[in-house]
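Read the structure below first, then the notes.
Every value quoted in this text rests on a predicted model; they were computed, and no experiment measured them. In this chain, numbering begins with 1 at the start of the sequence shown. Every number for a ligand or one of its atoms is a count from 1 in the order of the listing.
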Amino acid sequence: MRKAAITGSGVFTPAQTITNDELVAAFNAFADTQNAAGAEPPIPHSSAAFITSASGIERRYVLDKEGVLDPDRMYPRLPARADDDPSVMAEMARDACNAALAMAGLEACQIQAVLCAASNHERAYPAIAIEIQNLLGTTGFAFDMNVACSSATFGIQAAADMIRAGSIDRAIVVNPEICSAHLEWRDRDCHFIFGDVCTALVLEADDLAQGPRFTIESTRCATQFSNNIRNNDGFLRRTRDQMEDRRDMQFMQNGRKVFKEVLPMVSRHIADHLDSEGVQPDDLTRLWLHQANKTMNDFIGKKVLGRAPTPEEQPNILQDHANTSSAGSIIAFAKHSADLAPGDKGLICSFGAGYSVGSVVVTRSGPA
Ligand code: CO8
């Protein structure tokens with residue numbers, strides 16, 4: 001069967017960053033105001049030391065720092081776009097896609113499908129992906145898809161399947177994540193978790209690609225229902241009697257349960273995937289894991305390899321980006337894959353809400 005390969009990657013990062021200290025100062029100012037006004041129960045202070053030790057996150061990129069850090073607002077300010085202007089997500093995507101196309105040495109008109117795979121979409125229709133198609137000048141078709149944090153790997157499987165089946169030769173899978181707009185920055189339990197970013201991958205039929213590439217050997221996706229990561233926002237919102245700011249319309253999670261339940265699911269998923277492909281854990285030069293929590297990644301890496309992975313074998317980027325939902329494992333891949341030699345194998349794996357888990361086994365191929 002025809003194979004697909006990843007021939008280009010691109011990352012768009014917003015210009016502004018928020019450190020843990022800045023974030024905690026804003027949160028504590030908010031808590032002090034609420035407590036002075038008689039908040040019941042009182043809101044405890046957040047702590048930068050807790051954030052770093054519980055998650056490994058040190059800072060995050062955001063589209064609008066000022067709105068998030070304003071204790072009277074604690075929400076990004078992103079001005080509305082006119083109907084004829086590109087959406088924020090499509091603009092982020094254009095930058096990431098152009099970088100991926102340049103790396104692949106392709107023109108946009110050679111791409112026949114754009115999959116915008118992300119946790120949230122700026123509008124329901126006419127699809128962010130079709131807007132991206134229009135901005136870039138790609139041909140064929142485009143569509144949006146959402147599998148929360150696993151959107152990118154599920155998108156890779158969908159695009160690779162189309163290439164393997166022969167319906168297209170080339171696709172872009174793009175993951176614009178504006179997590180700052182869907183995070184409750186006033187919730188101490190999760191206010192530190194997310195950041196904004198966009199990643200893009202160019203996928204091509206392996207037999208058409210000339211340059212260095214990552215041949216996709218195999219993909220595997222799985223879902224298993226859980227309520228532990230949830231948001232209830234959606235098009236029925238204005239039909240509800242209670243219209244004001246409802247906490248459940250933002251990101252909600254039971255982080256401890258997620259931690260406990262997702263770890264065995266992901267470790268087992270990766271082990272089964274490698275086993276069915278006849279790949280030994282020691283055959284892997286690199287693991288590009290979802291970037292939610294450093295302890296979680298340490299655990300999964302150890303379970304998969306049977307020993308603690310080195311930072312080179314399993315690079316983390318969450319200290320600089322925080323959790324960027326579907327984009328996390330792709331940032332790790334984009335930033336830490338250029339040094340692999342022909343024949344080296346690696347595994348991209350994402351996991352999150354659903355629960356969902358997606359894994360992609362790749363081999364570095366083409367010229368050195
Ligand atoms: N500062 C100081 N102390 C704190 C803070 C804080 N900010 N927050 C909690 N604490 C305290 C608690 O009060 C508690 O105190 P005590 O022991 O006295 O009761 C103590 O710290 C421990 O609290 P937790 O049990 O909540 O802390 P954990 O050790 O579990 O760490 C984490 C919290 C870091 C959230 C951890 O549970 C975690 O990372 N879990 C996994 C989360 C995960 O992977 N989620 C994936 C979600 S992402 C996804 O799927 C995509 C969704 C779509 C994206 C949408 C965009 C917004």
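Both the backbone and the side chain of C179 come within 4.0 Å of ligand 1, judged by heavy-atom distances. Looking at A292 against ligand 1, only its side chain comes within 4.0 Å, counting heavy atoms. By the criterion of a heavy-atom distance under 4.0 Å, neither the backbone nor the side chain of E177 is placed next to ligand 1. Using a 4.0 Å cut-off between heavy atoms, S119 contacts ligand 1 through its side chain alone, with no backbone atom that close.
Within the 4.0 angstrom cut-off, atom 26 (O) of ligand 1 has no protein heavy-atom neighbours. For atom 19 (O) of ligand 1, the nearest protein heavy atom is 4.0 Å or more away. Protein non-hydrogen atoms do not reach within 4.0 Å of atom 15 (O) of ligand 1. By the definition of a contact as any protein heavy atom under 4.0 Å away, atom 39 (O) of ligand 1 is in contact. Protein heavy atoms come within 4.0 Å of atom 50 (O) of ligand 1.
Salt-bridge check for K65 with D70: failed, with every basic side-chain N at 4.0 Å or more from each acidic carboxylate O. A salt bridge is defined here as a Lys NZ or Arg NE, NH1 or NH2 lying under 4.0 Å from an Asp or Glu carboxylate O, and R268 with D272 fails to meet this definition. At a threshold of 4.0 Å, the pair R237-D233 counts as salt-bridged, since one of the basic side-chain nitrogens sits closer than that to a carboxylate oxygen. Remark: D207 engages R2 in a salt bridge, criterion side-chain N to carboxylate O under 4.0 Å. With salt bridges taken as basic N to acidic carboxylate O contacts below 4.0 Å, none links D248 and R230.
Ligand 1 has a nitrogen or oxygen under 3.5 angstrom from a nitrogen or oxygen of R256. Every N/O-N/O distance between C149 and ligand 1 stays at or above 3.5 Å.
Among all protein heavy atoms, the one lying closest to atom 21 (O) of ligand 1 is F50 CE1, 3.0 Å. Scanning all protein heavy atoms for the shortest distance to atom 41 (C) of ligand 1 gives G255 O, 3.7 Å. Distance from atom 35 (C) of ligand 1 to its nearest protein heavy atom, with residue and atom name: Q253 NE2, 3.5 Å. Among all non-hydrogen protein atoms, the one lying nearest atom 12 (C) of ligand 1 is R188 NH1, 4.0 Å.
Ring centroid separation for the pair F27 and F192 does not come in under the 6.0 Å cut-off.
A donor-acceptor contact under 3.5 angstrom links the side chains of H45 and D32, judged on distance only.
Note on residues 278-289: pairs passing side-chain hydrogen bond (donor to acceptor under 3.5 Å, both in side chains), not counting sequence neighbours, are R286-D339.
Contact between M296 and ligand 1 is present, with at least one heavy atom of the residue lying under 4.0 Å from the ligand.
The aromatic rings of H269 and H273 sit perpendicular, their planes meeting at an angle over 60°, well past the 30° parallel limit.
Taking every non-hydrogen atom of N323 and a distance limit under 4.0 Å, the qualifying atoms of ligand 1 come out as 48 (S).
Proximity of a side-chain donor or acceptor of N231 to a complementary backbone N or O of H182 within less than 3.5 Å is not detected.
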